[in-house]
Amino acid sequence: MAFDVIIIGAGAAGMMCALTAGQRGRRVLLLDHLDRAGAKILVSGGGRCNFTNVNGGIADRYLSANPHFAKSALGRFAPGDFVAMVDAYGIAWHEKTLGQLFCDGSAKQIVAMLADECAKGGVETRLLTRIVGIAHADGMYRVETSAGEVCAPSLVIATGGPSIPKMGATGFAYDVARQFGLKVVEPRPALVPLTLGADDRLFEQLSGVSLDVIASSGKTSFREAALFTHRGLSGPAILQISSYWRNGGEIALDLLPDAGATMLVDAKAARPKAEFRTVLRDLFADRLADALADRLALSGTMAGLKDQALADAGGRLKGWRFTPSGSEGFAKAEVTIGGVSTDGLDQKGLMAKKVPGLHFIGEAVDVTGWLGGYNFQWAWASGRAAGEVA
């Protein structure tokens with residue numbers, strides 16, 4: 001059966017591409033191996049879908065081997081453009097911290113909106129359809145599926161990366177890219193909790209404790225919450241910095257971002273009779289204060305401690321350095337860094353430069369956004385860009 005465009009992957013990018021191409025009058029087939037479209041949309045944002053970010057059009061919020069590649073698509077479909085779609089459907093939403101936009105109700109509303117827009121474009125959607133093979137000859141892509149062969153002059157790969165495999169994520173896009181001679185930037189987990197080695201296991205008993213921190217790796221820093229887990233560290237600040245961290249690298253946490261480096265020396269002058277542990281308990285949750293006091297190896301009254309020892313302790317609290325033993329991997333990663341190299345794709349429609357009609361969009365591409373709606377904005381923008389030319 002012949003179509004104008006075949007899109008493999010009915011997630012955020014794939015659905016946006018399908019509705020865009022369909023509403024241009026193209027005959028579109030949207031395929032997915034899962035039993036429903038928009039599966040990752042439905043579970044995002046605690047079921048309320050952090051569908052974009054007011055700053056989602058800023059290219060430096062995206063990681064890529066080519067930091068300029070995303071500018072074209074992001075510039076042509078901005079966060080406000082997606083919000084206009086949401087508003088047109090009467091979907092109530094609210095802005096949370098750092099520009100994050102969420103549905104008031106359910107992520108199901110976003111999926112229903114996209115499905116309705118696909119229907120307006122006459123998109124044919126086939127779920128529970130496995131891809132057996134892809135061939136290209138005489139200007140046509142022939143896709144062998146578990147339900148038979150389909151063909152089209154344009155093929156869009158929107159199957160994402162390997163993050164969250166329990167939801168059916170695979171490296172399919174990379175296999176297709178390599179089949180057609182495109183390079184793949186080594187994929188690795190991003191926006192992922194980090195694990196701690198034996199030297200930092202003092203934090204094991206702190207599972208569930210969270211605090212506001214500045215997490216830093218190299219020259220990159222994020223100020224948000226960190227959460228201690230039974231395996232290591234999570235929370236928004238850690239997920240953000242994980243995208244910049246590489247195995248064997250060090251991370252620094254400023255545990256008291258609003259305090260000065262001399263806070264403990266100042267506390268000695270103000271409260272000389274107070275116990276060191278008591279002072280820490282005024283700054284942190286009791287369990288964390290006790291663990292830090294033990295690690296800093298200071299005890300007794302503030303007056304009994306030397307200024308230099310307190311200054312050193314304050315420095316450690318302002319820059320607690322540790323080397324993660326690893327991450328919790330693709331199983332817990334929200335997205336994937338790396339993917340189909342942008343070197344082989346044109347910026348306008350994300351089409352392979354040397355393979356006419358073959359497009360890669362969304363998370364499959366080596367463009368990865370920050371936490372907080374950025375990856376959805378890339379999905380919408382890249383899907384729209386490919387849908388306008390496919």
Side-chain angles (χ1 to χ4, degrees), residues 189 191-218 220-245 247-329 332 371:
L191 302 183
V192 63
L194 299 175
T195 55
L196 296 174
D199 289 346
D200 295 299
R201 285 290 166 83
L202 82 142
F203 293 126
E204 271 187 343
Q205 73 265 34
L206 301 175
S207 181
V209 173
S210 66
L211 75 161
D212 184 41
V213 304
I214 296 175
S216 303
S217 178
T220 305
S221 298
F222 293 95
R223 179 171 178 171
E224 285 194 73
L227 172 70
F228 294 97
T229 72
H230 67 287
R231 296 192 63 192
L233 289 163
S234 186
I238 301 302
L239 298 183
Q240 291 277 39
I241 208 64
S242 73
S243 296
Y244 293 83
W245 173 78
N247 252 337
E250 190 177 64
I251 285 177
L253 294 183
D254 182 344
L255 304 178
L256 291 169
D258 292 322
T262 62
M263 71 210 136
L264 294 178
V265 177
D266 298 339
K268 173 182 175 179
R271 305 168 61 193
K273 295 182 179 179
E275 292 285 324
F276 178 71
R277 191 173 298 256
T278 301
V279 171
L280 287 191
R281 284 189 166 205
D282 290 340
L283 297 170
F284 302 102
D286 288 356
R287 277 196 292 158
L288 177 56
D290 291 346
L292 291 172
D294 291 342
R295 178 53 74 95
L296 293 168
L298 294 179
S299 60
T301 65
M302 297 296 285
L305 297 171
K306 293 182 178 179
D307 285 359
Q308 188 59 54
L310 291 171
D312 292 345
R316 288 194 68 185
L317 296 177
K318 293 290 291 178
W320 196 282
R321 299 183 179 278
F322 65 98
T323 301
S325 59
S327 77
E328 295 199 22
K332 295 293 181 68
L371 182 72

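Predicted model only: the values in this text are computed from it and were never measured. Count residues from 1 along the sequence.
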Just verifying a value: how many Å separate [X] [atom1] and [Y] [atom2], rounded to the nearest 0.5 Å?
X	Y	atom1	atom2	value
Arg295	Leu317	CZ	CG	12.5 Å
Leu239	Leu233	CG	CG	10.5 Å
Leu227	Leu206	CG	CG	10.5 Å
Leu191	Ser327	CG	OG	11.5 Å
Ile251	Leu196	CD1	CG	9.0 Å
Thr195	Lys332	OG1	NZ	11.5 Å

Could you work out, with side chain to side chain donor-acceptor pair (under 3.5 Å) as the rule, every residue matching [X], not counting sequence neighbours?
X	value
Ser216	Ser221
Gln240	none
Asn247	none
Ser234	none

Between Arg321 and Glu250 (side chain of the first, backbone of the second, donor and acceptor by atom type, cut-off under 3.5 Å), is there such a pair?
no

Taking the side chain as C-beta and beyond, is there a heavy-atom pair between Phe276 and Leu296 under 4.5 Å?
yes

Do the non-hydrogen side-chain atoms of Thr220 and Ile241 ever get within less than 4.5 Å of each other?
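Of all side-chain heavy-atom pairs linking Ile241 with Thr220, at least one is under 4.5 Å.
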
Applying side-chain contact (heavy atoms from CB on, under 4.5 Å), name anything that partners [X], two or more places apart in sequence or on another chain.
X	result
Arg271	Ala274, Thr278, Val279, Asp282
Ser242	Val192, Leu194
Asp286	Arg281
Thr301	Glu275, Ala303

What residues, two or more places apart in sequence or in another chain, satisfy ring-ring contact (aromatic ring centres under 6.0 Å, His included) together with Phe228?
Phe203

With sequence neighbours left out, what residues match Tyr244 under ring-ring contact (aromatic ring centres under 6.0 Å, His included)?
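Only Phe222 meet the ring-ring contact (aromatic ring centres under 6.0 Å, His included) criterion with Tyr244.
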
Restricting to non-hydrogen atoms, name the atom on Ala237 and the atom on Val213 that form the minimum distance, rounded to 0.1 Å.
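Where Ala237 meets Val213 most closely, the heavy atoms are CB-CG2, 3.8 Å.
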
Between Thr323 and Gly249, the two heavy atoms sitting closest are CG2-O, 3.3 Å

Donor-acceptor pairs under 3.5 Å, side chain of residues 252-264 to any protein atom, not counting sequence neighbours: which ones?
residue: Asp254; atom: OD1; partner: Leu256; partner atom: N; Å: 3.0
residue: Asp254; atom: OD1; partner: Lys318; partner atom: NZ; Å: 3.4
residue: Asp254; atom: OD2; partner: Lys318; partner atom: NZ; Å: 2.9
residue: Asp258; atom: OD1; partner: Arg223; partner atom: NH1; Å: 3.0
residue: Asp258; atom: OD1; partner: Arg223; partner atom: NH2; Å: 3.0
residue: Asp258; atom: OD2; partner: Arg223; partner atom: NH2; Å: 2.8
residue: Thr262; atom: OG1; partner: Asp266; partner atom: OD2; Å: 3.0

Can you give each donor-acceptor pair under 3.5 Å made by side-chain atoms of residues 305-313, sequence neighbours left out, with the distance rounded to 0.1 Å?
residue: Asp307; atom: OD1; partner: Lys268; partner atom: NZ; Å: 2.9
residue: Gln308; atom: NE2; partner: Asp312; partner atom: OD1; Å: 2.8

